[in-house]
Amino acid sequence: MAELKKFNKFREVMREIQKSGAAVYRNPVGTNDLVILSPYNIKYVHSYAEDSPFFLALAKGKLLGSECTKCHHKYATPRSHCMECGSETKWFDLPLEGRVHSWTTCYFGSEEFLKETPFNLALVEFDGVDTLLLSRLDGVKQEGVYIGMKVKAEFRKKPRYLISDVHFVPLVEKKVSGKQGK
Amino acid sequence: MPAQRRVYAISGGVTKFAKAHPEMDFRLMVKRAYDYAMKDVPKLKQSEIESSRISYFSDHFARQLKAASMVQDYLGLNPKDSRRIEWGGATGGQAIQAGWEAIASGRNDVCLVAGFETMSHVETWKGNEFIALASDTNFDYPVGGFYTGYYALMVQRHIYEYLRKSKFASMKDERKAQKAATEEAKRIMAMVSVKNHINAIYNPYAQYPEKLTMKRALGGEMIAWPLNRPSVCAMSDGAAVMVLASEDVAFRYTDRPVLIKGVGCGTDTMRLADRPHGHVPLFPWETAEYYSKLEYPGVHSFRAGRTAALEAYKNAGITDPINELDFVELHDAYASSEIQTYEDIGLCRYGEGYDFVDQGHPFLEGVDYGLDLPHKGTIPVNPSGGLIACGHPVGATGIMQGVFAFWQLQGSIGKHFGSDRLQIKNAKRGLIHSHAGTGSSVTVTIMEGL
């Protein structure tokens, strides 16, 4: 915990730098360390390339999976070639209802999503499909989620062309407890 | 297996892992660890080092491309052969194996393996973002990319497969059964946190040594259910180096080199969602019948870890790891993945990991944990404190494990730690395990003392 105390002093200097751009850190080891702010902002031009049909369908309220044309392995998270046999896949409509295969509630996270915490993540399984889809599970708190819970897809009205344009909510069980639902 | 030369570790060095080292940049951190290692083998001249394998995980953290070349430069190793190694969380373990290959192949007689990470350059939540960029940026990251969340998804299913379906199988109410199983798993994960934090009290290189109690381990702030702060490793600044040498020259520099007896490596899909359902790759002492109802690996187990262990045991001639190994240093980025890894590397069968902890098997004999442990010391796991208590400066982590294992097998823990409390008596053989990306990349290396 001495380690944390030491770091908290350094963190104060980090905050000062956010305003002034530079500061000298009087290090307990005896050095004076000049620390500067070094910003780094980039906007990438990112093509979804072979995954594009999935994201275009998403914007229209549809989920597309991919099925191997040779061995018929069915993927809920699409890929244009089969990882089992290497053959090309074709698109198929995924059901919009599935079950929670596993889940968690995140109380902390990456900077980009920190303001959205707490949120649930779920790996969703679909009947007749071999792999899963990672998604947010909204409309239910940690206490109400369980493996096997039936869920259904909902789509963002104004698409952002991100996988988060789809999220899942509990299918039928809204009545179970007053604690549930945001 | 084709002919290959025997490779020995002859020296090692580690900087103290810390939340931040603003007084040292990455080059100076590596230099400090390197000088320590060189001091331990005074007969080795720098001119005799023929090549280097330098590891760091993230260019985002480093904010300096070609940082490995700058290390090479700072250490004065130009114009020799060198390369950067990157393999996510398993970067350090892979660097050791890359150094092993340089010597086993006959290309070099002495190779330096060095690694570092400088994670203090950004706040923790930004660091989490950088790490989450090591998940699929089309399908995983935008959902709320957060590695602790991914590992929480994995352990939730592990709990379901191995506690809900066994110890809690008789409970009829599905939700209550899952909740009870999770509470039991939390208790056992807290035992792992207690073990690793208390071990670290005797390790001067560790970032978070603590006399952790079960109460505090269970009461920590929740990060991603059911993983709380004491069961998750922190971000760190740090460096570690190992010097490897061929059998021809190793004994010139030290009379106590440690043999790298076997290496193994495994991989799996980057996306958890893609993990297949098939059969368990079996160890010789396991049967297919035992796992007939298990869909493997799913998201509950690390097939890459099992694959790496199978290869390493084969190369090292190990058929009974629990009796042939004296300790394990494994990649416990989360208390959950420590338990999952026991099963992958065959310390117990799949499904027995929780009981393995509860019975005390991975705890150290001579340390008081304030717990009732009937079978303490069967095979100490993370005697150093592991990632949970030592910290996890990614590119250095796997090499740190290698150095601690090297000192254990030399019997020189007392010399390097200033106390021999963590020295395992007569340790002959140890396993180090480095792991990345929800189990997409794993190395296992077996080391053996003279």
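Here is the naming used below: chain letters follow the sequence lines, and residue numbers restart at 1 for every chain.
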To check you understand the geometry: which heavy-atom pair defines the closest contact between [X] and [Y], and what is its length?
X	Y	result
Tyr160(B)	Ile147(A)	CB-CD1, 3.5 Å
Arg63(B)	Ser38(A)	NH2-OG, 3.2 Å
Trp103(A)	Gln156(B)	O-CG, 2.9 Å
Phe108(A)	Trp125(B)	CZ-CE3, 3.9 Å
Thr269(B)	Met83(A)	CG2-SD, 3.6 Å

Choice from [options] maximising heavy atom contacts with chain B below 4.5 Å:
options	answer
Leu121(A), Leu133(A), Val35(A)	Leu121(A)
Val29(A), Leu123(A), Thr31(A), Val124(A)	Leu123(A)
Ser110(A), Ser135(A), Ser164(A)	Ser110(A)
Ala122(A), Cys106(A), Gly30(A)	Cys106(A)

Quick one: does [X]'s side chain get under 4.5 Å of [Y]'s, heavy atoms only?
X	Y	value
Leu134(A)	Tyr150(B)	yes
His101(A)	Val299(B)	yes
Ser102(A)	His300(B)	no
Val143(B)	Leu162(A)	no

Taking [options] one by one, which has the highest count of heavy-atom pairs under 4.5 Å against chain A?
options	result
Ala152(B), Pro142(B), Pro22(B), Gly127(B)	Pro22(B)
Gly149(B), Gly144(B), Ala20(B)	Gly144(B)
Lys126(B), His277(B), Glu174(B)	Lys126(B)

Please flag which part of [X] lies under 4.5 Å from any non-hydrogen atom of chain B: side chain, backbone, both or neither.
X	answer
Leu114(A)	side chain
Glu112(A)	both
Thr117(A)	neither
His46(A)	side chain
Arg11(A)	side chain
Thr77(A)	both

Rounded to the nearest 0.5 Å, how far does [atom2] of [Y] lie from [atom1] of [X]?
X	Y	atom1	atom2	answer
Arg271(B)	Tyr75(A)	CZ	OH	9.5 Å
Thr137(B)	Ile163(A)	OG1	CD1	12.0 Å
Met154(B)	Thr104(A)	CE	OG1	13.0 Å

Other residues, nucleotides and ligands only: do more than 12 of their heavy atoms fall within 6.0 Å of [atom1] on [X]?
X	atom1	answer
Lys211(B)	NZ	yes
Lys165(B)	NZ	yes
Lys115(A)	NZ	yes

Report the C-alpha separation of Asn138(B) and Tyr48(A) in whole Å, then their side-chain angles, then the decisive distance to 0.1 Å, and conclude whether the side-chain contact (heavy atoms from CB on, under 4.5 Å) test is met.
CA-CA 8 Å; Asn138(B) 281 2; Tyr48(A) 280 121; 3.4 Å; yes
Which portion of Ala132(B) sits near chain A, non-hydrogen atoms under 4.5 angstrom:
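Just the side chain, heavy atoms under 4.5 Å.
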Can you tell me which portion of Arg157(B) sits under 4.5 Å from chain A's heavy atoms? Options are side chain, backbone, both or neither.
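Both backbone and side chain.
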Under 3.5 Å, is there a donor-acceptor pair between the side chain of Glu23(B) and the main chain of Asn27(A)?
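Not at all, since once roles are kept as given, no pair shorter than 3.5 Å links the two residues.
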N/O donor-acceptor pair under 3.5 Å between Lys179(B) side chain and Glu143(A) backbone
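Yes, Lys179(B) side chain to Glu143(A) backbone: donor-acceptor pair under 3.5 Å.
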Output field: ring centroids Phe113(A)/Tyr141(B) closer than 6.0 Å
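Aromatic pair counts; centres sit under 6.0 Å.
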Between Phe55(A) and Phe139(B), does the ring centroid distance fall short of 6.0 Å?
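Ring centres of Phe139(B) and Phe55(A) closer than 6.0 Å.
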Do we get Arg164(B) above Tyr146(A)'s six-membered ring, with its NZ or CZ under 6.0 Å from the centre and within 45° of the axis?
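Arg164(B) over Tyr146(A) ring: no.
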